Amino acid sequence: MLYRTAGQFKTSYRTDQALFPIRQDAFLLGVILICAWVVFPLTASEFTFQTLLTPILIYSLAALGLNILTGFAGQLSLGTGAFMGVGAYACYKMVTLMPWLNPVVAILLSGVFSAGVGVMFGIPSLRIKGFYLAIATLAAQFFLVWLFEKWAWLYNYNASGAIQVPNLDIFGLYVSGPQASSITQYYLVLTIVSLLTYLAINLTRGNLGRTWKATRDMDIAAELIGINLMRSKLTAFAVSSYIVGVAGALFVFMWRGAAEPNLFDIPLSFRVLFIAIIGGLGSILGNYLGAILIVGLPVVLNTVPRALGIEVESALLEHLNIMIVGSLIIFFLIIEPHGLNALWRLIREKLIIWPFPH
Amino acid sequence: MLNKIFVAPFAEMVEAPDFLMQVLWEGLVSGVLYSLIALGFVLIYRSSRIFNFAQGIMVVFAALTLVGLHEMGVPAWISVVLTLGVMFGLAVTVERVVLRPLVGQPDIILFMATIGITLFLIGFGEIIFGGENKQMITEELGIPTGDFVLEPFGGLLILQHIDITAVVVAVLLVTALLLFLNKTRMGRAIRALGDDHQAALSVGISLQTVWVLVWFIAGIIALVTGIAWGSRAGVSFALEVIAYKALPVLMLGGLESITGAIIGGLMIGMLEKMFEIYWGGPLLGGNTESWFAYVLALIVLLFRPQGLFGEKIIERV
Amino acid sequence: MEMRNITLRFGGVEAIKDISFDIREGEIRAIIGPNGAGKSSMLNVISGFYHPQEGEVWYKGAPRPSMKPYEVARMGVGRTFQNIALFEGMTVLDNVMTGRLTHMKASLWEQAIWWGKAEREEVQNREQVEKIIDFLEIQAIRKTPVGRLPYGLKKRVELARALAAEPSLLLLDEPMAGMNVEEKEDMSRFILDVNDEFGTTIALIEHDMGVVMDLSDRVVVMDYGKKIGDGTPGEVRSNQDVIEAYLGVPHE
Amino acid sequence: EGIYTPNLSYRTGPFAATGIPLMNGQADYMAMLNARDGGIGGVPIDFDECETGYSTEKGVECYERTKAQAVVTQPWSTGITLQVLPKTNTDNIPILAPGYGFSPMANGKVFQWAFNPPASYWDAASMIMQYIAGGDMGSLSGKKIVLLHLDHPFGKEPIPVLEAMAAEYGFELVPIPVGLKEMQNQSAQWLQIRRERPDNVVMWGWGAMNAGAITEAVKTKYPMDQFIGVWWAGHDEDLKQVGADGKGYKSISWSMPQPDAPVMADIKTHVVDAGLSQQEDLNSVFYQRGLVISMILAEGIKAAQDHFGKGEINAEELRWGLENLDISAERLEELGMTGMVPPFKTSCSDHTGHSGGWMLEWDGEKFVQASDLLTADAAFIAPLEEAKSVEYAEANAPWPVNETCE
Amino acid sequence: MLDAAPAESSDLLLEVNNIEVIYNHVILVLKGVSLSVPRGGVTALLGGNGAGKTTTLKAISNLLHSERGEVTKGSIRYRGEVVQDLDPAKLVKRGVIQVMEGRHCFEHLTVEENLLTGAYTRGDGKGAIDADLEMVYSYFPRLKERRRSQAGYTSGGEQQMCAIGRALMSRPETILLDEPSMGLAPQLVEQIFEIVKSVNEGEGVSFLLAEQNTNVALRYAHYGYILESGRVVMDGPAAELRENPDVKEFYLGVGDEGRKSFRDVRSYRRRKRWLS
Ligand SMILES: Nc1ncnc2c1ncn2[C@@H]1O[C@H](COP(=O)(O)OP(=O)(O)OP(=O)(O)O)[C@@H](O)[C@H]1O
Ligand SMILES: Nc1ncnc2c1ncn2[C@@H]1O[C@H](COP(=O)(O)OP(=O)(O)OP(=O)(O)O)[C@@H](O)[C@H]1O
Ligand SMILES: [Mg+2]
Ligand SMILES: [Mg+2]
């Protein structure tokens with residue numbers, strides 16, 4: 001009953017194409033937004049901000065970027081970590097070379113650099129497909145991380161080879177560096193993530209989105225009905241890398257505070273890929289669900305035994321953690337290969353016909 | 001600068017041919033080891049289009065089981081047999097728990113599942129074996145240690161016995177695999193399965209049997225690889241990263257091709273070593289091995305999108 | 001459209017050997033021939049997916065330079081495929097909307113913010129698409145993912161997608177394979193209507209002789225890459241070569 | 001309850017092999033104090049581990065998780081150290097990074113909350129070069145020294161000071177990096193070493209890199225007695241891989257196993273025999289170093305307790321304690337740890353103590369002492385520490401500096 | 001509505017009893033289908049698009065699983081034994097093999113290798129297999145010409161022959177044939193049905209064939225079932241069905257006044273009498 005869509009008629013194509021044509025969905029979104037903007041910030045502790053809220057948002061954004069490329073345009077990428085790195089280093093160079101630059105502008109601009117690099121490594125996708133394409137993104141992954149290590153100019157010739165986020169302020173309010181408070185950073189991240197998500201939703205449901213999906217589903221047919229594959233793939237690489245780059249800049253500036261090249265190595269790429277896949281390729285909502293699961297799970301697993309008063313050795317706990325995360329990935333893939341988003345859709349379909357089984 | 005790129009390295013090669021030979025030999029040996037891992041990948045890919053990321057951890061797991069059993073006092077050769085038993089158990093488990101429920105899913109989902117397997121095995125293995133670096137039981141297995149020291153052109157060339165053994169074993173393994181795949185009923189079934197598992201099911205090929213078999217063979221290859229690598233640098237979970245060296249080998253050679261895995265491995269092994277020694281180290285600050293193989297594979301793929309020996313991608317409408 | 005001395009080889013296989021024929025504006029032209037004769041390959045040549053080793057394709061009175069398939073499509077050549085090539089992950093509506101993408105011009109930024117041009121364009125094109133959906137009677141499945149549709153409907157959606165582009169030349173590769181008579185009748189009606197109402201030129205490959213004979217104005221017959229007959233249905237039906245190579249002994 | 005001193009351990013991941021004995025040593029020393037003395041100054045120590053697997057991300061999570069109650073943070077990896085360093089300024093928690101971290105941390109005026117006693121990486125580099133020079137730095141002129149290092153912030157740590165020394169004393173420095181993925185297969189690096197024919201190879205290795213390098217050195221027949229590692233490259237297990245072939249390999253160390261030290265007897269009775277220890281080989285270099293590390297922390301706590309006259313000290317008070325460590329020879333005698341670490345002292349402005357160290361040599365079965373106490377060339381290092389720490393503070397402005405130190 | 005075929009049960013090879021199939025947990029496709037195939041018979045399964053023919057065949061051969069479909073009700077028996085939980089390979093061993101819709105040849109294997117994989121479950125030696133290979137080649141000479149080419153590069157008709165040949169190689173007792181005529185030239189369609197006939201008569205193989213091409217199917221089949229949206233709506237001996245006026249109009253395209261031309265089909269909405 002709660003999820004009855006019958007009776008919600010649309011009288012124009014315009015309303016039919018509205019963002020949330022179904023009333024219940026719009027309502028649900030409202031609740032989520034209120035939680036994110038009001039309830040969480042009021043109730044969260046420093047620990048929650050640092051280990052859950054902020055990282056979940058940033059990882060969701062990175063996964064969203066990846067999802068555009070892999071989920072919507074069908075180009076497998078294993079180099080997300082490195083593209084995040086490009087965003088982070090670009091942002092770092094910009095704020096240190098031009099200290100007067102507004103940090104938010106710097107973060108949004110840093111995506112442009114990763115978009116450029118993304119397009120460059122996307123060019124092979126015109127010839128190379130499927131898993132073979134993974135090689136191009138892996139080449140980007142390893143080459144870029146190597147470059148972050150070797151190109152001393154990037155980290156301002158620091159002795160340690162790592163970058164340290166300076167204290168930056170907007171009108172006297174610190175937004176990055178050790179002086180910034182978690183809640184400021186959280187709001188900033190939330191704003192940028194909401195904005196980019198809105199733009200991404202529009203892109204994926206419009207003409208460009210259809211072009212990408214066509215390329216993904218059957219590229220030969222797409223080309224034969226008039227899609228310029230080169231443009232389609234390269235715009236996907238550009239848009240995706242832009243978002244991933246911004247996520248990278250946020251990752252370092254709004255959360256980590258410092259970064260060594262190694263941070264952007266392949267485990268990060270895999271992490272983001274997990275989120276995108278567990279959440280559901282080709283969906284927007286899935287990225288958030290996936291991030292909640294993948295980021296939240298280890299934190300919860302670490303907290304639960306302690307909360308229950310069970311003494312588990314921390315190394316053993318960590319091993320168990322890895323095992324559980326591995327098993328859960330398999331488990332979720334088995335119950336719904338198309339991710340949490342599809343699971344949610346299935347629940348919705350069941351709700352619509354409820355109480356009938358089919 | 002141009003001199004450093006185009007002249008000096010070649011001059012050095014000519015001046016110190018013994019050194020060049022050593023570089024090539026080291027490259028060849030690394031290449032053989034890369035190929036061994038790649039072989040495991042190829043076999044599984046062929047039979048199920050699964051890009052088995054867990055091959056790297058299977059190597060570690062097999063080697064640790066072997067060493068662990070031996071530490072418990074089991075004689076070396078019996079440990080080998082028991083380890084094979086464990087790898088068989090692993091194959092059966094993977095088939096039952098992971099592959100069977102996921103049959104028919106898109107490639108990337110299965111790929112992701114193998115990463116899940118990897119994580120599981122890392123956690124599981126560390127609980128059982130601990131994180132310490134262990135020594136491979138090279139001598140106990142009767143693998144020759146020591147080296148030949150040759151002096152070509154009045155220089156110095158050191159060939160390790162274990163490396164020579166690894167090369168010989170790899171050659172035997174590859175030959176056996178090629179014969180198996182191309183000449184036997186089972187081999188044909190494996191290839192058929194890779195093409196279209198629905199059709200394979202419909203003609204009565206049992207997915208279960210083939211997959212268990214294939215994962216078991218991959219397990220055997222993992223054990224051989226583990227012994228070979230472990231003899232060089234000990235066995236620990238850090239070895240897991242060698243999976244990343246096998247990926248470009250696979251791509252360069254072609255995902256389905258046994259021959260490709262070998263040729264690709266050798267090419268990458270030798271070229272990356274030469275590049276690092278003669279160009280990367282002196283000019284680029286070193287450690288170019290972390291990406292050289294990928295860039296090389298990428299360049300080759302630009303000209304042959306299916307890899308050197310891969311099956312041509314059939315594009316028809 | 002005119003094909004002049006087309007020869008196409010794949011490695012050693014000569015799929016098309018020195019074939020010439022033409023397609024006149026506004027007609028329905030059928031291509032028939034046994035399996036493996038090279039019919040689909042011929043369509044692929046026309047739509048620019050295969051590049052013949054020899055020969056030229058003339059389009060609208062001029063030789064067509066070598067082009068990418070998407071450029072050919074943008075010149076007004078639409079097509080459907082022998083093995084359905086729909087975009088499985090999308091709904092029917094989205095699939096048909098992809099057909100209109102050559103008519104949509106909003107820039108990336110305009111699409112991202114959605115207001116203004118992008119939205120207007122979306123609504124306008126949606127109207128066009130709805131017309132085609134009405135025409136092909138697939139309203140009910142508009143929002144269904146195509147992956148779940150039965151074969152026959154998929155074929156219809158494919159036709160809708162091709163029509164959405166408003167092509168001047170429509171290539172249909174076995175549009176009625178795997179349909180029963182009733183569905184074939186529907187499909188025939190659509191094809192005739194398209195031809196009548198929009199004046200679209202149609203080239204059609206089909207194995208059902210009934211359909212071919214009834215619908216087409218002229219027929220080309222191919223056999224292992226060679227042309228063995230060309231003419232009106234009546235002429236072709238009585239051509240001895242054609243009967244031997246293709247039709248077999250007539251039943252009924 | 002008690003004093004909460006979490007350790008961000010790494011018993012998992014690629015560096016676990018070196019981490020485990022260290023973590024065991026740390027835990028066992030605190031367990032011993034709890035069992036023998038009921039803690040420090042009568043207050044039990046709550047020594048807890050939070051596993052990071054050497055990953056920065058996990059490390060930060062552990063830091064956030066523990067910082068509310070902790071009096072200290074022991075981050076272990078250079079990456080984690082760099083990350084939490086700025087945060088400690090606002091969170092007011094001392095970082096204790098004995099023998100690792102960021103060498104300029106020695107400057108207590110700038111890094112008020114960071115401690116790396118008893119010696120820094122730059123000290124290590126200086127001691128190694130002195131040992132190679134045999135006391136006469138002039139003799140280094142014209143020599144060629146290869147620095148085989150992990151391609152990672154940790155591995156790059158000695159480069160500035162070695163470069164400065166190369167310029168000063170006229171030797172040639174050839175850094176050869178080892179990627180994290182090449183740790184187990186260093187044939188390229190060793191081929192390069194063979195080509196360079198260096199007089200010495202200095203190794204800044206960690207985890208699986210060490211075993212890889214040592215086996216490769218044996219294979220290429222590099223003379224072992226010209227091969228010297230930093231203190232994290234002197235792990236018994238790594239050398240056992242090659243056994244007698246590794247004879248002559250050296251490692252600088254600010255700690256030295258003393259099997260017969262009285263403290264070891266206490267560890268045996270109170271910890272090992274009580275079944276509280278996970279360690280097998282009590283005489284390994286890393287295990288005993290772990291004991292020393294916990295001793296340093298315990299002494300800091302004790303100093304603070306004595307100064308503030310209370311048992312349950314807080315993080316800020318511990319900072320005072322760590323700034324006023326006085327590990328004299330007498331104190332070591334009292335602790336039963338004579339010879340396990342050279343005597344040293346910290347102060348408000350010197351957070352390292354610059355204790356110096358000994359050269360250890362592998363004799364085929366174990367590490368033995370191979371030199372007298374070596375001390376770093378403070379005059380050479382100090383200006384560099386000053387410059388780099390100021391540079392850091394500037395880059396991170398506004399950065400609070402402790403002006404009250406002399 | 002008529003019930004299941006009135007054949008004697010000892011003669012029944014395959015019985016499908018009131019099965020229901022659901023895809024993806026929510027899409028109900030078969031709503032209670034019952035049918036039976038007698039030994040040595042050719043049974044046709046007719047019906048429009050999406051009627052559920054393929055789904056029925058896949059339910060019988062247990063291939064639904066990998067498409068996330070499942071049989072939720074009813075039973076399937078082969079020679080009296082319940083087979084719906086058997087894995088497909090076991091079913092092939094019992095003599096039931098399916099030729100799938102859309103051919104599904106092994107693209108990268110040569111035609112000959114494709115045929116040989118058909119003999120995968122056989123244990124009766126190389127000699128017998130080679131003999132059968134020759135037999136298949138004698139049915140399909142075109143395949144012999146192309147034996148060395150990769151199946152992925154052969155034309156649609158060749159692939160269909162290859163798929164049928166592959167099924168024959170397993171020496172089956174029953175073949176489930178899904179849309180054998182799709183996309184084939186008329187001559188070939190006849191030819192393939194002739195082969196079905198001769199295999200049926202010569203080797204006693206039973207067939208269950210799903211077809212759209214009602215005309216041909218009813219000419220070769222002995223018995224027919226007509227499926228509409230997941231239900232059997234009519235069945236009977238082929239000869240009877242051919243004379244049925246509804247079948248004539250809707251499935252054979254023959255009106256009262258003989259065959260209509262496709263050009264003259266008017267666009268009025270027709271309704272099937274049994275659905276109204
Ligand atoms: N991409 C390709 N590579 C190699 N050979 C090809 C390719 N495409 C088609 N062929 C070959 O060309 C010949 C003609 O194929 P085509 O698909 O055009 O036949 P067709 O007339 O459409 O047959 P059907 O009616 O069965 O669809 C076949 O023998 C086929 O094997
Ligand atoms: N994998 C699937 N997931 C969801 N629905 C499916 C799936 N496969 C088939 N269906 C649905 O089941 C119904 C019956 O399909 P089926 O393929 O059995 O029909 P058919 O009679 O063989 O039709 P055709 O003549 O077109 O082959 C169709 O409505 C189809 O949409
Ligand atoms: Mg065709
Ligand atoms: Mg069907």
Side-chain angles (χ1 to χ4, degrees), chain A residues 70 74 76 78 121 123-124 126-147 149-152 218-221 224 265-266 270 273-274 276-278 281 315-316 318-335 337-339, chain B residues 45 49 51 53 97-98 101-102 104-128 130-131 241 244 247-248 250-252 254-255 284-288 290-299 301-303 305-307 310 313 315-317:
Chain A
T70 305
L76 176 62
L78 298 179
F121 281 96
I123 291 174
L126 303 178
R127 254 182 91 74
I128 307 174
K129 291 175 185 161
F131 277 125
Y132 286 104
L133 180 63
I135 207 76
T137 52
L138 277 172
Q141 172 70 61
F142 291 115
F143 181 76
L144 289 171
V145 168
W146 176 85
L147 197 70
E149 194 85 66
K150 297 289 163 198
W151 192 7
M218 193 171 270
D219 58 351
I220 302 176
L224 282 167
D265 210 349
I266 191 120
F270 274 143
L273 187 63
F274 278 149
I277 290 181
I278 297 270
L281 285 179
L316 180 64
E318 178 63 22
H319 294 146
L320 285 174
N321 256 345
I322 301 179
M323 267 172 80
I324 294 175
V325 171
S327 319
L328 276 179
I329 287 174
I330 299 174
F331 173 76
F332 275 111
L333 292 179
I334 290 172
I335 57 167
H338 299 107
Chain B
Y45 187 81
R49 302 286 127 161
F51 196 81
F53 192 76
V97 180
V98 185
L102 283 176
Q105 294 304 334
D107 298 349
I108 183 160
I109 300 294
L110 287 158
F111 170 59
M112 214 30 34
T114 64
I115 299 182
I117 299 176
T118 310
L119 291 181
F120 181 86
L121 285 181
I122 291 179
F124 183 68
E126 291 203 16
I127 289 179
I128 294 184
V241 294
Y244 294 116
L247 297 185
L250 280 172
M251 308 275 178
L252 182 80
L255 286 167
L284 296 173
N287 196 14
T288 53
S290 68
W291 53 263
F292 178 79
Y294 286 90
V295 174
L296 180 69
L298 181 60
I299 293 169
L301 286 186
L302 282 178
F303 293 98
Q306 73 276 28
I313 299 162
E315 283 197 337
R316 292 188 62 181
V317 282

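Bear in mind that the values here come from a model prediction, so they are computed numbers and not experimental data. What's counted below: heavy atoms across the whole structure, side chains too, no hydrogens, waters or symmetry copies. Just so we're on the same page: letters track the sequence lines, and every chain starts at 1.
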In terms of heavy-atom pairs under 4.5 Å, which option from [options] contacts chain A the most?
| options | value |
| --- | --- |
| B:Y45, B:F124, B:F51 | B:F51 |
| B:G286, B:G254, B:G125 | B:G286 |
| B:L247, B:V295, B:I122, B:L255 | B:L255 |
| B:V97, B:I115, B:L252, B:T114 | B:I115 |

Report which part of [X] has an atom under 4.5 Å of a heavy atom belonging to chain A: side chain, backbone, both, or neither.
| X | answer |
| --- | --- |
| B:L110 | neither |
| B:Y244 | side chain |
| B:L121 | neither |
| B:F53 | side chain |

Looking at chain B, which one of [options] has the largest number of heavy-atom pairs inside 4.5 Å, strictly under?
| options | value |
| --- | --- |
| A:V325, A:L273, A:L281 | A:L273 |
| A:I128, A:I324, A:I329 | A:I128 |
| A:Y132, A:F332, A:F143 | A:Y132 |
| A:K150, A:E318, A:Q141, A:H338 | A:K150 |

Interatomic spacing from [atom1] in [X] to [atom2] in [Y] - rounded to 0.5 Å:
| X | Y | atom1 | atom2 | answer |
| --- | --- | --- | --- | --- |
| B:N287 | A:E149 | CG | CD | 7.5 Å |
| B:R49 | B:D107 | CZ | CG | 8.5 Å |
| A:M323 | A:L328 | CE | CG | 11.5 Å |
| A:I135 | A:L78 | CD1 | CG | 9.0 Å |
| A:D265 | A:W146 | CG | CH2 | 14.5 Å |
| B:L102 | B:Q105 | CG | CD | 6.0 Å |

Name the region of [X], side chain, backbone, both or neither, that has any atom closer than 4.5 Å to a heavy atom of chain B.
| X | result |
| --- | --- |
| A:I123 | neither |
| A:L320 | both |
| A:L138 | both |
| A:I330 | side chain |

Original post:
So with a 6.0 Å cut-off around CZ of A:F270, is the heavy-atom count from everything else above 12?
Top reply: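 Yes, CZ of A:F270 has more than 12 neighbouring heavy atoms, counting only those of other groups under 6.0 Å.
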
Subject >> For B:E126, salt bridge (charged side-chain N to carboxylate O under 4.0 Å, His left out) partners two or more places apart >> reply: none

Original post:
Can you find a heavy atom in the side chain of A:I334 that is under 4.5 Å from one in the side chain of B:V98?
Top reply: no

Original post:
Between A:S327 and B:F120, which heavy-atom pair has the shortest distance, and what is it?
Top reply: OG-CD1, 3.3 Å

